[in-house]
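Everything below concerns the one structure shown next.
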Amino acid sequence: TFDGVSLPFADGCLDGVICRYAFHHFPDYERMLNEISRAIRAGGRFVLSDPLRNELDTTDFINSFQALKPDGHVRIHKRCEFIELVERYGLELLDSFDSALSFSRTRTPEYDKLLDSTAPSVLNAYRFKKDQERMWITFEIMNLAFQKKPGDSDSGVHTDARASRR
């Protein structure tokens, strides 16, 4: 059975993997990167779109904000830490561009408490707005294309996670 992390594919059999707005929900993102690297052939691609933690967010506001919604959020990374993490698994950054995504939520006492304790500069970094009932936030989205290092079919730090399930 598929556990949602251990990819049910042989080593190096995929030309690429696309991950769209899901990475920040993975409870063990290093294990997921390990699996992606294992399954992608040398020269294959990993394309990702995921929210970006703003560099001005020194208090980790965005992860606290997201944790108040029970949707499985785990962690939104800063760009540099995410790229460094992925590159440890034998994938090199080829291209990138940023986009943005805005959404609203109903205000609750928990959100208001977090907002009251957050510096205006951090809220401004996320283009935060509110009225009596709702609040709006804008995420920058990092859109990244990586390539598994050509000629290095066993790059990264991966092991075959499927073997541990046998």
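Index from 1, following the sequence. Keep in mind that what you see is a predicted model, and the values were worked out from it rather than measured.
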With sequence neighbours left out, the residues meeting side-chain contact (heavy atoms from CB on, under 4.5 Å) with Ile18 are Val47

Report yes if the side chains of Arg53 and His77 come closer than 4.5 Å at any heavy-atom pair, otherwise no. no

Could you please spell out the steps behind the side-chain contact (heavy atoms from CB on, under 4.5 Å) verdict for Leu33 and Phe46? CA-CA 10 Å; Leu33 285 170; Phe46 171 45; 4.0 Å; yes

Are Leu93 and Leu48 in one and the same hydrophobic cluster, where Ile, Leu, Val, Met, Phe, Trp and Tyr link if side-chain heavy atoms are under 4.5 Å apart? yes

Mind checking whether Ile36 and Val74 sit in one hydrophobic cluster, side chains of I, L, V, M, F, W, Y counted as touching below 4.5 Å? no

With a cutoff of under 4.5 Å between side-chain heavy atoms, which Ile, Leu, Val, Met, Phe, Trp and Tyr residues group with Val122? Tyr21, Phe61, Ile62, Phe65, Leu68, Ile76, Leu101, Phe103, Tyr111, Leu114, Leu115, Leu123, Tyr126, Phe128, Met135, Ile137, Phe139, Ile141

Is there a path of hydrophobic side-chain contacts, each under 4.5 Å between heavy atoms, that joins Leu56 and Leu52? no

Assess the residue pair Cys19 and Met32 against the criterion (side-chain contact (heavy atoms from CB on, under 4.5 Å)); give the C-alpha distance rounded to whole Å, side-chain angles, the decisive distance to 0.1 Å, and a yes or no. CA-CA 11 Å; Cys19 183; Met32 192 72 246; over 6 Å; no

For Arg134 and Thr106, does a side-chain donor sit closer than 3.5 Å to a side-chain acceptor? yes

Count I, L, V, M, F, W, Y as connected when their side-chain heavy atoms are under 4.5 Å apart, and connections chain through other members. Are Leu94 and Leu14 then in the same cluster? no

Show which residues join Phe97 in its hydrophobic cluster (side-chain heavy-atom contacts under 4.5 Å, direct or indirect), or state none. none

For the pair Arg38 and Glu35, find out whether any cationic side-chain nitrogen is under 4.0 Å from an anionic carboxylate oxygen. yes

Taking only residues two or more places apart in sequence, or in another chain, which ones meet Arg105 in a salt bridge (Lys or Arg N to Asp or Glu O under 4.0 Å)? none

Would you give the length of the straight line joining atom OG1 of Thr108 to atom CD of Glu133, rounded to the nearest 0.5 angstrom? 13.5 Å

Can you check side-chain contact (heavy atoms from CB on, under 4.5 Å) on Arg107 and Asp112, steps first, answer last? CA-CA 7 Å; Arg107 288 180 63 179; Asp112 285 341; 2.9 Å; yes

Using the salt bridge (Lys or Arg N to Asp or Glu O under 4.0 Å) criterion, which residues pair with Asp116? Sequence neighbours excluded. none

With a 3.5 Å distance limit and no angle check, can you tell me whether Glu81 reaches the backbone of Lys78 through a side-chain donor-acceptor pair? yes

Straight-line distance of Lys129 NZ to Asp131 CG, nearest 0.5 Å: 11.5 Å

Between Arg45 and Asp15, does at least one N-O distance fall below 4.0 Å, as a salt bridge requires? no

Nearest heavy atoms of Gly43 and Gln147, plus distance in Å: O-NE2, 3.1 Å

Main-chain N/O of Ser37 paired to Lys148 side chain as donor or acceptor, under 3.5 Å: yes

Would you please name every residue forming a salt bridge (Lys or Arg N to Asp or Glu O under 4.0 Å) with Asp98, sequence neighbours left out? Arg79

Ser99 and Asn143: side chain donor to acceptor below 3.5 Å: yes

Are the side chain of Asn34 and the backbone N or O of Glu30 linked by a donor-acceptor pair below 3.5 Å? no

Could you tell me whether Arg41 and Asp11 have a side-chain N and a carboxylate O separated by less than 4.0 Å? no

Identified side chain to side chain contact (heavy atoms under 4.5 Å, CB included) partner of Arg75 from the options Phe26, Phe23, Tyr29: Tyr29

Sub-4.5 Å side-chain heavy-atom contact between Ser96 and Met142: no

